Amino acid sequence: MELSKRYQPTEVEAKIHRYWEEGNFFRAAVGVVSKVPFSIVIPPPNVTGRLHMGHALNNGLQDVVIRYRRMKGDEACWFPGTDHAGIATQNVVEKSLAKEGLTRHDLGRETFVQRVWDWKAKYGSEIIEQLKALGCSCDWSRQRFTLDEGLSRAVREVFVRLYEEDLIYRGAYLVNWCPRCETAVSDLEVEHEDIDSGLYHIRYPLEEGGHVVIATTRPETMLGDTAIAVNPDDERFAHLVGKTARLPILDRELPIVGASDVDPEFGTGVLKITPAHDPIDFEIGRTHNLESINILNNDGTINENGGPFAGMDRETARKDVVERLKADGLLEEVVPYRHAVGHCERCSTAIEPLISTQWFVRMRGLADAALAAVKDGRIEFVPERWTKLYNDWLENIRDWCISRQLWWGHRIPVWYGPDGHAFAAHSPEEAAEKAHAHYGETVALNQDEDVLDTWFSSWLWPFSIMGWPDESEDLKAYFPTDFLLTGFDILFFWVSRMIMASLHFMNDVPFRTVYITPLIVDAQGQKMSKSKGNSVDPMELMKEYGADALRLALAHATSKGRTMRTPTTQLDDARNFLNKLWNVTRFVLMHTGDARPGAPDTVDALEDRYILSRLSETTKTVREHFEAYNFNLAAEALYSFVWHDYCDWYVEIVKPRLASDESAKGVLYHVLRDIVKLLHPIVPFITEEIWQVLGEEPESISRAAYPEARASDRDAETQMAALQEIVTGVRTIRADLNVPAKAQPTAKVSVASQPLIDALKANESAIRAMTNTGEWSFGPDVDPAPGSARKVLACGQLFVDVADMIDIEAEKVRLQGELKQAKKDLAQASGKLSNENFLKRAPEDVVQKERSKQAEFAQKVERLEANLSSLGT
RNA sequence: GGGCGAGUAGCUCAGCUGGGAGAGCAUCCGGCUUACAUCCGGAAGGUCACAGGUUCGAGUCCUGUUUCGCCCACCA
């Protein structure tokens, strides 16, 4: 087959992608698994999602792991799927409705939900297609959706069980309310942002005359005030406890209570209490049995409790309240003040805390079990430092508000009787039965209108995806999973909750290792976001560079820090590298033709021994790095082996032998074949393409066995290092002394080791080619031509006869530079060795090493001086 | 307010349990060498943020300072 001079990723990837689809190579065994199972569940992307850099990184790395394991011989199964993403998806569809001038209420619940399903059918597979384009080797036959029938069954099962165990309860508590989405959201869905606003100092008249001044950032909430609180230990105000004040504007009577939560240092030291709209006030209200007055409608406008302000939106009400206070002479001052205000994660609207009846999960017990699982090592975080954050969150966990006033999602499986009694059930029929048993007769039931938080289905993902609550074959074979890889942004939302759910329902951890990836930031180090317009579209990068280049660049750039920059120059590097791989394949095929030489049993030539040794070392290193999830180090080891050891040195040295030497071809080919296999987990497309071109077995490289490391060959590597030093030495001399490019000086090497001399002699033509030199002589005691340029080597000395090509003075300057450096090195080594404490306390091997260094440098200095004097002064 | 991460060559970063400062890109110089100019060869470039400390020895361990970034948080 004729290969193009440049690697063309786009064509190849499309072709290979089809090949994988048709070949079902990523299908994992069902039922009895004879190999060691290794499973991963994908963090399900939102159906509304498009691939972003975070996805590309995370799924690229998961694919590296799963492909490595598959080749290593495990029964590797990567379970894919998508998340219905309640609020996010509902918002998307509502927005498209808005363009038609409609709201979901115009359609009604059923029609609206159908619209979302239609939307999902049309657009929901986009991200899956993008993952496939990235090369993800998921078992697509096992793809699931968090709102499909099976997972919905799991959700109902879990809800009912938790309800029966009293771990789910319903009640009126202070929750985070988004007036735009008109739903409650959990604490985690609130993003805090610092806002410049004012601290309003308001006078509250006292019944006994006079007034107290209260500072607030939300003056409109005074409409819901039902008390005033002071710290009972605060001398200034303690005497007021038990007295009453009057609420300005609405003229409500407000008891003054003592509460130690009040910080005398903050504001005026007096706190207005609005139990319906503030978390602290809510608590104080409960302990003092205060009335709660909700002043807000669901859309954030003031309700009938707001008196003259009823019907206004929040902002207007705030201004008007302030105006009114000012007019009444009750506003003392407004102090500029910057503080954190909660915003809806999905729509950035300011969150209003308010009292609302919602469903909650009792988290304490679940969290304790999850803490224990990490503490005793059943689950391990990589990098380890994330453990602390996980622990902190779980130790301070609060109950989870799981009900949402949305339509898109799992409807809460609770039915209410005429008197409001709740029946949690798997189905309407079961609810009816339960109700019948309870009331002794058939009654009309109404299902709860709300749906569950999206995360209430995804926290079950690692086992619901395998068919739970059935005792499925997959659960037996693949649960618990081995590895989870995700970003830290969903550590609380998802990771910790999966651990809790798994421990509770499966009595086991969901996964053993959690790898937390860094956050990808833009080239300037800024967080990428749509609104900033600085996000990078990985699909664009894949179009330009290819999926493999993107994967390699990301794997290579992955560090264990908290952030990593989106690759830029690394993409060029990766593309260039793949082109290099492609071209060396062309080179190898040029020489092997259709022959597919087997791996040679024994080799004699130095370069063959060397490259096989390096291959072994690299194989060992790469395997270790993959096992430890050091993706960047694995990529680096492969990059440097392929480019430098194989292409730059081995191929160049072996060239003269390729015309006739079959064993050379064998080694050349064997190493390439291993290289392709070693690289496959990171760059699957190009390696599969090469595999096909080579016509190797098995059919797909994705099912080939990952290379095993053999013994390394120290002697060969040492001798090769000497050869490399000689070649580099000549090149340096040529460059430093401006030897004309066409000139072919003769050269001599003086070395003591006879085996090395033999190896060098065997490679003379290669050395000549690599250095563009004429005749060489190698021996223990060569006689340099007068005026030769000289280089002191670790193994001996190099002489290049450039006498009539260069300026002798230039060579003197060069040698003097080297002498200076050698003297410096010698002085440093000698200095250390003359330190008694060093000799006394440093380990013997370190001292030995220092001694040989000293000897080496001393010899170098001596030789350099001799060389200099031979050039005359 | 609490916590975490980063600060190493012009840029992006690697440096595991402390023992002669590395890579890629960019720069400069030389090469169209028959796999590759997305290439080949060579060179230059660093008080490892700062200040102390431990040690025979610190980029690596400890303390403090500082700059940047992020996460968490019910001081109204």
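Because the structure is a prediction, the values reported are computed rather than measured. The sequence lines fix the lettering, A, B, ..., with proteins before strands; numbering per chain opens at 1.
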Closest to the [X] side chain: [options]?
| X | options | answer |
| --- | --- | --- |
| Ile280(A) | A37(B), C40(B), C74(B) | C74(B) |
| Arg731(A) | G42(B), A76(B), A35(B) | G42(B) |
| Arg575(A) | C36(B), U38(B), A43(B) | U38(B) |
| Asp573(A) | U38(B), C25(B), G42(B) | C25(B) |
| Val651(A) | C25(B), G5(B), A35(B) | A35(B) |
| Phe266(A) | A14(B), C75(B), A35(B) | C75(B) |
| Arg565(A) | G42(B), U12(B), A35(B) | U12(B) |
| Lys527(A) | C25(B), C71(B), A76(B) | C71(B) |
| Tyr639(A) | U12(B), G24(B), G42(B) | G24(B) |
| Gln570(A) | U12(B), C39(B), A35(B) | U12(B) |

Name the orientation class of the two ring planes belonging to [X] and [Y] (parallel below 30°, tilted from 30 to 60°, perpendicular beyond 60°).
| X | Y | result |
| --- | --- | --- |
| Tyr629(A) | Phe631(A) | tilted |
| Tyr639(A) | His644(A) | perpendicular |
| Tyr390(A) | Phe381(A) | tilted |

For [N] versus [M], give the span between their [atom1] atoms, rounded off to a whole number of Å.
| N | M | atom1 | answer |
| --- | --- | --- | --- |
| U27(B) | U38(B) | P | 14 Å |
| G52(B) | A58(B) | P | 14 Å |
| G10(B) | C48(B) | P | 13 Å |
| A9(B) | A14(B) | C1' | 13 Å |
| G53(B) | U60(B) | C1' | 15 Å |
| C40(B) | C32(B) | P | 16 Å |
| C68(B) | A49(B) | C1' | 11 Å |
| G57(B) | C61(B) | C1' | 13 Å |

Length of the line joining [X]:[atom1] and [N]:[atom2], which is rounded to integer Å:
| X | N | atom1 | atom2 | value |
| --- | --- | --- | --- | --- |
| Ile733(A) | G41(B) | CD1 | P | 17 Å |
| Asp522(A) | U12(B) | CG | C1' | 13 Å |
| Met770(A) | G42(B) | CE | P | 11 Å |
| Ile284(A) | A76(B) | CD1 | C1' | 9 Å |
| His339(A) | A76(B) | NE2 | P | 7 Å |
| Asn583(A) | U33(B) | CG | P | 15 Å |
| Gln526(A) | G69(B) | CD | C1' | 9 Å |
| His192(A) | A76(B) | NE2 | P | 11 Å |

Report task. Would you kindly say whether Asp225(A) and Tyr204(A) are connected by a side-chain donor-acceptor distance under 3.5 Å? Result ->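 Yes, a side-chain donor-acceptor pair sits under 3.5 Å.
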
Report task. Nearest-nucleotide wise, let me know which of Thr728(A) and Cys647(A) is further upstream toward the 5' end of RNA chain B. Result ->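 It is Cys647(A), whose closest nucleotide lies nearer the 5' terminus.
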
Query raised in the report: With nearest nucleotides of RNA chain B determined for Gly269(A) and Asp736(A) from heavy-atom distances, which residue corresponds to the more 5′ nucleotide?
Result: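 First, find each residue's nearest nucleotide; the 5'-ward one identifies Asp736(A).
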
Query - Ion pair Arg814(A)/Glu811(A), N-O distance below 4.0 Å - result: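 Yes.
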
Query raised in the report: Any salt bridge between Asp825(A) and Lys860(A), counting N to O under 4.0 Å?
Result: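 No salt bridge links Asp825(A) with Lys860(A).
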
Report task. Tell me, with the steps shown, if Ser186(A) and Glu189(A) meet side chain to side chain donor-acceptor pair (under 3.5 Å). Result -> CA-CA 5 Å; Ser186(A) 72; Glu189(A) 289 163 288; 2.9 Å; yes

Opposite nucleotide pairing with [N], Watson-Crick or G-U, both atom distances under 3.5 Å:
| N | value |
| --- | --- |
| C39(B) | G31(B) |
| C50(B) | G64(B) |
| G2(B) | C71(B) |

Using a cut-off of 4.0 Å on non-hydrogen atoms, how would the nucleic acid contact of [X] be classed: base, sugar-phosphate, or nothing?
| X | value |
| --- | --- |
| Lys824(A) | nothing |
| Lys840(A) | nothing |
| Tyr337(A) | sugar-phosphate |
| Asn630(A) | nothing |
| Arg398(A) | base |
| Leu174(A) | nothing |
| His644(A) | sugar-phosphate |
| Lys388(A) | sugar-phosphate |
| Thr563(A) | nothing |

Query raised in the report: Is the shortest heavy-atom distance from the side chain of Arg218(A) to the side chain of Glu352(A) under 4.5 Å?
Result: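 With C-beta onward as the side chain, the pair touches.
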
Query raised in the report: Do the side chain of Arg6(A) and the base of U38(B) come within less than 3.5 angstrom through a donor-acceptor pair of N or O atoms?
Result: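 By the distance-only test, yes, there is a pair.
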
Query raised in the report: So does Lys580(A) reach the base of C36(B) with its side chain, donor to acceptor, closer than 3.5 Å?
Result: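 Side chain to base: pair found, below 3.5 Å.
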
Query - Reading 5' to 3' through nucleotides 53-64 of chain B, protein heavy-atom contacts under 4.0 Å coded B for base, S for sugar-phosphate only, - for none - result: ---B--------

Query raised in the report: Should the heavy atoms of other residues, nucleotides or ligands under 6.0 Å from CD of Glu395(A) be counted, would the total exceed 12?
Result: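 Count over threshold, so yes.
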
Requested in this report: Check the pair Lys791(A), Glu818(A) against salt bridge (Lys or Arg N to Asp or Glu O under 4.0 Å), reporting the backbone distance first and the verdict last.
Outcome: CA-CA 9 Å; Lys791(A) 195 141 182 86; Glu818(A) 290 196 359; 2.6 Å; yes

**Report entry** Sequence neighbours excluded - salt bridge (Lys or Arg N to Asp or Glu O under 4.0 Å) pairs with any residue from residues 626-641 of chain A
**Finding:**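 Residue pairs with at least one partner in residues 626-641 of chain A: Arg69(A)-Glu627(A), Lys72(A)-Glu627(A).
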
